[in-house]
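The residues of the chain are indexed from 1 along the displayed sequence. Owing to the predicted nature of the structure, the values given are computational and were not obtained by experimental measurement. Hydrogens, waters and symmetry mates play no part in the numbers below; they use all other heavy atoms, side chains included.
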Amino acid sequence: MRPLPFTPHPVPPGTGPQLALEPAFVGRVGELERIRHALTSARGARGVLVAGPPGIGKTRLLREAATLAPGRRLISLNCRAGADAPAVMGGEPTTSAMARLLAEPTRGAARTKAHTWQISVDDADLMDPALLPLLNEAARHPDVKLLVSVTTDGKALPAGIRALWSDHALARMDLQPLGATDVKQLTDSLLSGGLGQMSASLLARMCEGNPRLLLEVARAAVERHMLERDDGCWHFTDDRLPLPTSVLEIIDPYLSALDQDDREILEIVALAGEPRLSHLERLCDAHRLERLEQRDLLRTVEDTAEGSFRPRVRITRPLIRHALSCGMPLLRRRRLLREWMTASGQPASTEPADCVRLAEWHVEALVRPPRALLDRAVEQSLREQSLPSAVRLTRSAWRHYPCEATAQAHARALTAAADFPGLAAFVAGARGRGPEYVAALRAAEARGLLLQARYAELEAVLPRLPQEEQAYFRTVAHYFQGRFDRAYAAAEALRRTGSEAHALEAGLIMMGSLCHMGLPERALSLYRTLRGDLDRAPGGPTRFHADSLEELHASALHYCGRFDEAEGIYWREYTEALEKHHIRVDAQRGLALGHLLHDRGIIEGAVKCATFTSSYQVGWRQWQVKAGIHAALAGSALPVARRPADPLPEGLSMEEAGHCAMFLAVVRARQHHERGDTGAATGVLHDAVASAMADSAHADVVIGLHECARLCLPLPRIAHADLHLEGSFLRARADYAWALETREPKRMGRVARAFADMGAFLFAAEAYAEQARLYQRRGGVKASAAATAQARELLRRCGPVDTPPLRFLGRPATLSDREQTIAGLAARGLQDKEIAERLCLSVRTVGNTLYRVYRKVGAANRRELQLLMAPSGS
């Protein structure tokens, strides 16, 4: 599943957030396709029965499916007005009205066969039993397609509903919770201006893929003024999310049947998150746990994260879990947490995965956590990039155990969460406690300035730091500023002579610099060394280091032209970051994936990954700039009508773009070129190429050369021998420029095949288009037509694109109906005589027709014709 673009709407100062009237419909593409197939197919089931728990999205799915069969007359019924008074959408809420509508297709069939019908019944499990025979009759009617939704809550469905799918009249579809990418897309689309990264993560983690819960909580937060505007997006004012009345109404039937002891067990599980079964059995009666499991309110899940294979206990329904955890009075909450902490063991026996939970329970219960537990929990939360927990726990550590170590930990957490105003306030307050804090927090202050791209202020702070710290911050600053040769040299020295703490990050900077320097094969070699270093790191690698290493591994594969391997790693890392709610890491992975999709030619997918949304409002200036540039880069390759609003940060300069300066130059050059100012476009790209050459960024130089050629601009004066390049992708981009400059169509053909073989479909199509133009100038009509056909075939894999080289394709070769028929038969391997007999033509007519077809499409024989006429992706 892929995240879709969302452009935040500007919100006037002083106004509150506006909730979307119709939230985005996400994550059900496969389900809609299954429904479409059932509605349009003459064979198989007569429709679909959609089942799932409350709030999973059944009603919305039925509403979206209403347009899938436009040739059918639609009857929509909604039974949620209550079992005693079923409601008809847009009609009178009576059982008799529903009976008349269900019988309408049968009555209509007796009068005329002109109509077919689509009946949609929402919440059919609440339907009057007297109507079920009519529903079953409609399901078996030859002119009717039926869509039915039912709520599965652990109780048996009515026999009449169960018969619909058990007798194979309807295909059953059980809806699953939304995936992590879909939840993030949904949260992005809820509010005008978008939710901030921390708030979006909190909401996504809480809703557990249940769209109803997510929407109702967001609505309640807006109505109760629990959101505040900061840094261009909205944030929750409290860690405790609201409990909507609508959620209470939904879960009331489940909780009202419980006695006090059973409810208390559910409250403990809700507070504890997913407690271990062994701990829960110390506090709760095993028979009651079993009874709650039989009611489908609790279930056990295996915990394999630590390799322990010990079960945890989870509340089955997210709505119940949220209602119990957020609606509990404070004193009751505190008592239950204290009882639970006693039952869950001591810090010495607590595994790392449980340390964070146990420490947070102490904080919530207003109990001072033991120092040893809190230290372990802080380290684990920072290592795993669990930033909300890290900020909360380090704040508690500073409050209960103020010292240099806890001050540094809290500053580190605030920096990771990009809370730079909070960091500045904390550093100023801590310094007032004594000179020892001034020295302890200098590194934190320097890191904050670095990540805000305030390089001049950083240089003023660095002289007060130890030499190794100065070297480290200057190394990272060189990389962010695009000075890759200096960054690589400094990182190599730091890795050789520095401490183990800095050696890992120095290795990552070396890999990134090598990719920009055009040496991705050396980067791959370094990856294997760094992978071993991380695996041997004390306590295991941090999430930041491990994820960044895999991203750089994929980047090196990308620059080497191994696109399939790179894309597999990018998707794996991006999906994992989303599912584990790793704030900022998911944005970083999404940008890297979008870059690869752009180079593949999947432009709309690249825009979706790189669109500058609230997901990228992480506060680190370098990533926000990178997101805007890559979104603009991908958008500039789309047709004008499909382009998003300009996502570039206002007033962005080439110097501020830093390590993304070449991509910004490409964007600016395309803008000048579209306005007809080729001189300005040439100047921007030539200046960027010269700057990249000065920094030994040969991969960036190749990007500039390739773009000059794509825009038909004069190439900078760079000798081929001056570029030191590794990997087929970088070499192919450079060869494209040289082939176009020397006007060699055969050389351009080799470039096109190289691009196509590695999966760079758009670049390959452009190379074939240019080859067609070069052949056309030489009078090679047949070769030009063949190259044109190859370009069109590759463009089918790209979706909508609009780039200057493709405008040379001209109009497609047109075949008459007879030519199309004969070409299709010939492509299937039939000989001229067989075709003539089948079509009642002379063999000579068939031969002459095929000769015209070959000239039009650029094929030399039947085999080439078959390749040219093969469907996309075959």
Side-chain angles (χ1 to χ4, degrees), residues 196-202 205 230-231 235-239 352-353 355-364 368-431 433 437 439-452 469 472-473 476 501 505 539-548 577 580-588 617-623:
Q197 180 91 330
M198 295 277 278
S199 294
S201 174
L202 179 63
R205 187 187 296 270
D230 183 42
D231 196 23
H235 306 269
F236 290 116
T237 56
D238 194 350
D239 291 338
C355 280
V356 175
R357 287 188 178 94
L358 187 53
E360 287 188 323
W361 295 332
H362 279 80
V363 172
E364 281 201 59
R368 180 179 179 177
R371 176 65 186 270
L373 170 68
L374 197 52
D375 287 346
R376 291 179 64 194
V378 165
E379 183 60 31
Q380 183 67 17
S381 62
L382 288 170
R383 182 178 299 279
E384 291 299 318
Q385 291 288 298
S386 300
L387 299 186
S389 294
V391 172
R392 190 181 308 117
L393 293 176
T394 54
R395 184 186 298 119
S396 176
W398 169 249
R399 182 169 61 250
H400 293 299
Y401 307 103
C403 64
E404 295 174 44
T406 56
Q408 290 172 333
H410 190 47
R412 181 181 168 192
L414 291 171
T415 303
D419 184 2
F420 295 116
L423 175 66
F426 171 71
V427 169
R431 281 175 172 169
R433 296 197 173 205
Y437 291 105
L441 293 174
R442 277 176 185 157
E445 182 183 10
R447 185 175 290 273
L449 293 172
L450 172 69
L451 296 176
Q452 295 174 82
E469 290 290 323
Y472 164 74
F473 284 116
V476 180
E505 290 192 53
T542 67
R543 175 60 55 185
F544 173 79
H545 289 142
D547 285 354
S548 295
K580 294 186 176 180
H581 306 285
H582 288 150
I583 296 170
R584 180 188 46 75
V585 176
D586 58 351
Q588 188 173 333
Q617 293 278 8
V618 295
W620 289 22
R621 180 64 177 172
Q622 291 85 353
W623 296 120

Under 3.5 Å, side-chain donor or acceptor atoms of residues 420-430 against the rest of the protein: list the pairs with distances, not counting sequence neighbours.
none

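Gln380 is not listed as a side-chain neighbour of Ser389, based on a closest heavy-atom distance of 4.5 Å or more. In this structure, Val391 and Asp419 have side chains that are not in contact, with every pair of non-hydrogen atoms separated by 4.5 Å or more. Ser548 places none of its side-chain heavy atoms less than 4.5 Å from the side chain of Glu505.
Closest of all the heavy-atom pairs between Val356 and Ser381 is CG2-N, 4.0 Å. Pairing each heavy atom of Ala409 with each of Leu382, the nearest pair is O-CD1, 4.4 Å. When every heavy atom of Ala359 is checked against every heavy atom of Leu374, the shortest pair comes out as CB-CD1, 4.2 Å.
Screening residues 394-411 for side chain to side chain donor-acceptor pair (under 3.5 Å), with sequence neighbours left out, gives Arg368-Tyr401, Thr394-His410.
With rounding to the nearest 0.5 Å, the separation of CD in Gln452 from OG1 in Thr415 is 9.0 Å.
Shown here are the salt bridge (charged side-chain N to carboxylate O under 4.0 Å, His left out) partners of Glu445, two or more places apart in sequence or in another chain: Arg431. Listed by chain and residue number, Asp239, Glu360 satisfy the side chain to side chain donor-acceptor pair (under 3.5 Å) test with Arg392 (two or more places apart in sequence, or in another chain). Applying the salt bridge (charged side-chain N to carboxylate O under 4.0 Å, His left out) criterion to Arg371, with sequence neighbours excluded, gives Asp375.
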